[in-house]
Amino acid sequence: MRPRLSRKLTGFGTTIFTEMTRLANERGAINLAQGFPDFDGPEFVKEAAVAAIGAGHGQYARMSGVPALNAALSRKYARDYALAYDGDAEITVTSGATEAIFATLQGLCDVGDEVVMFEPFYDSYRASAYMAGAIPRVATLRAPSPAQPDVGAWTFDRDAVTALFGPRTRVLLLNSPHNPTGKVYARDELEFLAGLCKEHDVVCISDEVYEHLVFDGEHIPMATLPGMRERTVTISSLGKTFSLTGWKVGWAAAPPDLTFAIRSAHQFITFATATPLQHAAVAAIESGPEFYRQLTADYRYKRDLLVGELARIGFDVTAPAGTYFACAGFASFGYTDDVAFTKHLIDVGVAVIPPSVFYVHPERGRSYVRFAFCKREATLRAAVARLEGLNRTADRGREK
Ligand code: PMP
Ligand code: GLN
């Protein structure tokens, strides 16, 4: 029989998030793998959703978003970053950031166009590029070395990135703060990338879903850089900021010509996003800076707790500058391969993500694993208690 799966999706397998959560559930491991909170989103947002359902918002929303939400998002960008977007003409509500990225790539890319991205990348990037007929061109983020111990100092080779840009480059797909490394791109790095976009007439899709999870440094939206607003699609969602990953309410903010491309695809992908959740999202978006401050303080505590404990147990770990992920090297336990070590951790009772799946050069991501700390303190402490059982090779040596 002929294979049923299209060639463009062959080789992607099942996402690592699905795989690791299934394994965690099956084996009773504590899930620090898939990035979702094990606590609920804020009461006031949940109540707003219940009220919206009660009020009868049960039919299709406007294709580009419920007007009140588009207006609230317009106010958010003005308030948080002094960025002016017309809610109706320049903001499109989507079913999560994932759909926004997918729709934008579908709307902008022709077959054979090239999309520049950094590895490790969020896994939907490469698949979404392929589904749009585009070809991913990948630069590598390098881990902080002992010679460069400053926090979150993942770096890239500027010449290597420059070499990826050419006549077929259509899009730079950027993610800051960055999953899985926790890197928050610095202004000079963004300026450098913006320069390449302008020189090659390339659109930047800027995935900023962790925009409000920054502990060190500052989040700089690409669209705030000179000459970039007109060529940037700024994407974010409710999921991370409001601990509501299951709502899948996201959006894309972009000038009218880019918005036209996004909506041209979005109208045939989902058409519109769940109406009552959009109404409730207005309450979330309006809560603003006071809410973000509390969120960052809570996650800073969890970051420091997990990173401190991992270091004590013997992991090679630096505190991430942003996101709710911590990457940790495991050489001291005698392992050299992230997949093998992840399997071992499942036996120990903790599920993590092996990052080599986020690379086109998997060997570059073999030496560390990703822990998610978007979990209750009790969950993190229980995971740490299980990790105490790990044997350091040095200790084993001493025991002999
Ligand atoms: N981009 C990145 C970098 C992510 O980590 C995630 C996580 N889920 C997404 C996009 C998807 O966001 P959403 O759940 O809003 O689709
Ligand atoms: N973004 C989440 C993570 O990196 C998971 C998203 C998903 O499960 N598709 O863990």
Side-chain angles (χ1 to χ4, degrees), residues 12-25 31-38 41 65 69 73 92-105 115 117-129 141 154 173-185 204-214 219 221-222 233-253 266 269-270 273-274 277-278 281 284-285 299 320 322-327 342 351-359 365 369-375:
F12 282 102
T14 302
T15 84
I16 193 69
F17 306 115
T18 305
E19 205 49 49
M20 292 312 302
T21 291
R22 183 188 61 77
L23 258 181
N25 292 341
N31 192 350
L32 304 190
Q34 193 176 15
F36 64 88
D38 67 347
L69 179 54
L73 288 167
T92 306
V93 177
T94 58
S95 296
T98 310
E99 196 230 332
I101 294 160
F102 184 83
T104 307
L105 287 168
V115 177
M117 60 184 79
F118 286 92
E119 64 179 0
F121 40 71
Y122 180 54
D123 67 345
S124 85
Y125 289 6
R126 202 157 68 100
S128 296
L141 289 174
W154 289 70
L173 179 39
L174 189 71
N175 170 218
S176 181
H178 180 258
N179 175 9
T181 66
K183 175 182 175 64
V184 177
Y185 282 70
C204 179
I205 302 180
S206 188
D207 174 350
E208 303 181 9
V209 294
Y210 300 100
E211 61 185 316
H212 299 302
L213 280 174
V214 174
H219 170 61
M222 186 56 120
V233 179
T234 304
I235 288 173
S236 193
S237 73
L238 280 197
K240 325 292 168 186
T241 307
F242 295 98
S243 307
L244 291 166
T245 61
W247 282 29
K248 297 296 287 185
V249 175
W251 56 86
H266 165 73
I269 300 171
T270 55
T273 294
L277 300 186
Q278 291 197 52
I285 297 296
Y299 275 130
T323 76
Y324 46 47
F325 304 115
C327 292
T342 298
V352 297
I353 295 287
S356 56
V357 297
F358 301 146
Y359 287 77
V369 290
R370 190 197 80 174
F371 290 85
F373 56 85
C374 47
K375 309 290 171 179

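Every number for a ligand or one of its atoms is a count from 1 in the order of the listing.
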What residue and atom, counting heavy atoms only, is the protein's closest point to atom 12 (O) of ligand 1, and at what distance? A97 CB, 3.6 Å

Can you find an N or O of Y210 that's nearer than 3.5 Å to an N or O of ligand 1? yes

Residue, atom and distance of the protein heavy atom nearest atom 11 (C) of ligand 1 read T98 OG1, 3.2 Å

Donor-acceptor pair, side chain of T14 and main chain of E19, under 3.5 angstrom: no

Can you list the atoms of ligand 1 that are under 4.0 Å from a heavy atom of G96? 15 (O), 16 (O)

For residues 239-252, which side-chain donor-acceptor pairs fall under 3.5 Å, sequence neighbours excluded?
from: K248; atom 1: NZ; to: T98; atom 2: OG1; distance (Å): 3.3
from: W251; atom 1: NE1; to: Y77; atom 2: OH; distance (Å): 2.9

Euclidean distance, R370 CZ relative to M20 CE, rounded to 0.5 Å: 10.5 Å

Is it the case that ligand 1 has an N or O less than 3.5 angstrom from some N or O of F325? no

In this structure, atom 14 (O) of ligand 1 is nearest to the protein heavy atom K248 NZ, 3.3 Å

Output the list of atoms in ligand 1 that are nearer than 4.0 Å to some heavy atom of N179, sorted by atom number. 3 (C), 4 (C), 5 (O)

Can you list the steps and then say if T21 with Q34 is a side chain to side chain donor-acceptor pair (under 3.5 Å)? CA-CA 6 Å; T21 291; Q34 193 176 15; 2.7 Å; yes

Is the shortest N/O to N/O distance between S237 and ligand 1 below 3.5 Å? yes

List by chain and number: which residues place a heavy atom under 4.0 Å from ligand 2? F17, Q34, G35, Y122, N179, Y210, K240, F325, R370

Whether the side chain of E119 engages the backbone of F358 through a donor-acceptor N/O pair (distance < 3.5 Å, no angle test) should be reported. no

Please write down residue, atom name and distance for the protein heavy atom closest to atom 9 (C) of ligand 1. Y122 CE2, 3.5 Å

Going by heavy atoms in the side chains, are I16 and V357 under 4.5 Å from each other? yes

Check ligand 1 against N175 and write out every atom of the ligand that is under 4.0 Å from a heavy-atom position of the residue. 3 (C)

Are any of the N/O atoms on K240, whether in the backbone or the side chain, positioned under 3.5 angstrom from an N/O atom of ligand 1? yes

Using the ring of each side chain (for Trp, its six-membered ring), is Y299 parallel, tilted or perpendicular to Y324, with breaks at 30° and 60°? tilted

Would you check if the distance from the ring center of F17 to the ring center of F36 is below 6.0 Å? no

Keeping the roles fixed (side chain from D123, backbone from Y125), state whether a donor-acceptor pair exists under 3.5 Å. no

Residue and atom name of the nearest protein heavy atom (relative to atom 1 (N) of ligand 1), distance in Å to one decimal: D207 OD2, 2.5 Å

Does K183 count as lying over the ring of F118, i.e. NZ or CZ under 6.0 Å from the six-ring centre, within 45 degrees of the axis? no

Any donor-acceptor N/O pair, H178 side chain to P120 backbone, under 3.5 Å: yes

Mind checking the CG-CG spacing from D207 to L174? Nearest 0.5 Å is all I need. 8.5 Å

